[in-house]
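As structure tokens, the structure follows; a few thoughts come after it.
Scope of the values below: all heavy atoms of this structure, side chains included, with no hydrogens, waters or symmetry mates. Chain letters run A, B, ... following the sequence lines, proteins first and then strands; every chain starts at 1. Keep in mind the model is a prediction, meaning the values are calculated, not measured.
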Amino acid sequence: MSEQKPLYQRIYALVRQIPPGKVATYGQIARLVGGCTPRMVGYAMAAVPNGSEVPWQRVINSKGGVSPRANPIGEITQRMLLEEEGVVFNDEDRTDLKLFGWIAPEII
DNA sequence: AGATTGACTGCAT
DNA sequence: CATGCAGCCAATC
């Protein structure tokens, strides 16, 4: 049965499943959602309404770090939120995906 | 309706 | 490691 939900809603649902202290990459989310590209994930994250339960901060780029965006305040906020959850950034401002990378349950 | 942009990724040079 | 190019789709002008 095809999900008639909007693409962004599927992305949000997936991001919401990321447990605290873990992070996922745009490409990873895109592949899990299926039929969507990393850019769509990034766009969806930017479109997340303020106050929603979507842990958008747990979505980072393939480098394991926070992606640069127009508003630097959000970038700082994202890193701060992740550090509060236990995610550690190294000297390169990147996280160790081998330790904090979310291993998503494969969609059967 | 066409052009541009955007929180990306992977491969080639 | 730096740079360039292609792919992908939605929102905005």
Quiz item: Between B:dT9 atom P and A:Lys63 atom NZ, what is the distance in whole Å?
Solution: 8 Å
Practice problem: Please state how far atom CE in A:Met45 lies from atom P in B:dT5, giving the value in whole angstrom units. | Solution: 23 Å
Quiz item: Step by step, would you call A:Lys22 with A:Glu85 a salt bridge (Lys or Arg N to Asp or Glu O under 4.0 Å)?
Solution: CA-CA 8 Å; A:Lys22 295 280 185 181; A:Glu85 293 186 355; over 6 Å; no
Self-check item: Toward the 5' end of DNA chain B, by each residue's nearest nucleotide, A:Ile60 or A:Met40
Solution: A:Met40
Quiz item: Of the nucleotides B:dG10, C:dC8, B:dA7, which one has an atom closest to the side chain of A:Thr37?
Solution: C:dC8
Quiz prompt | Length of the CZ-P vector between A:Arg31 and C:dC9, whole Å | solution = 15 Å
Quiz item: Is there side-chain contact between A:Leu14 and A:Val41, with at least one heavy-atom pair below 4.5 Å?
Solution: no
Quiz item: Taking the side chain of A:Ala46 as heavy atoms from C-beta outward, which of B:dT9, C:dC9, B:dA7 is closest to it?
Solution: B:dA7
Quiz prompt | d(CD1, A:Ile18; C1', B:dA7) in whole Å | solution = 14 Å
Quiz item: Between A:Val33 and A:Leu7, is any pair of side-chain heavy atoms under 4.5 Å apart?
Solution: yes
Practice problem: In whole angstrom, give the distance that lies between atom OH of A:Tyr43 and atom C1' of C:dC9. | Solution: 10 Å
Quiz prompt | Any N/O donor-acceptor pair, A:Tyr26 side-chain to B:dA7 base, under 3.5 Å | solution = yes
Exercise. Starting at atom CD of A:Gln28, determine the distance to atom P of B:dA7, rounded to an integer number of angstrom.
Key: 21 Å
Exercise. State whether A:Phe89 and A:Arg79 meet the cation-pi test: NZ (Lys) or CZ (Arg) under 6.0 Å from the six-membered ring centroid, and within 45° of the perpendicular axis.
Key: yes
Self-check item: From C:dA11, C:dC9, B:dT9, nucleotide with atom closest to A:Pro38 side chain
Solution: B:dT9
Quiz item: Rounded to whole angstroms, how far apart are OH on A:Tyr8 and P on C:dT12?
Solution: 11 Å
Quiz item: Quick one: A:Gln9 CD to C:dA10 P, roughly how many Å, whole number?
Solution: 15 Å
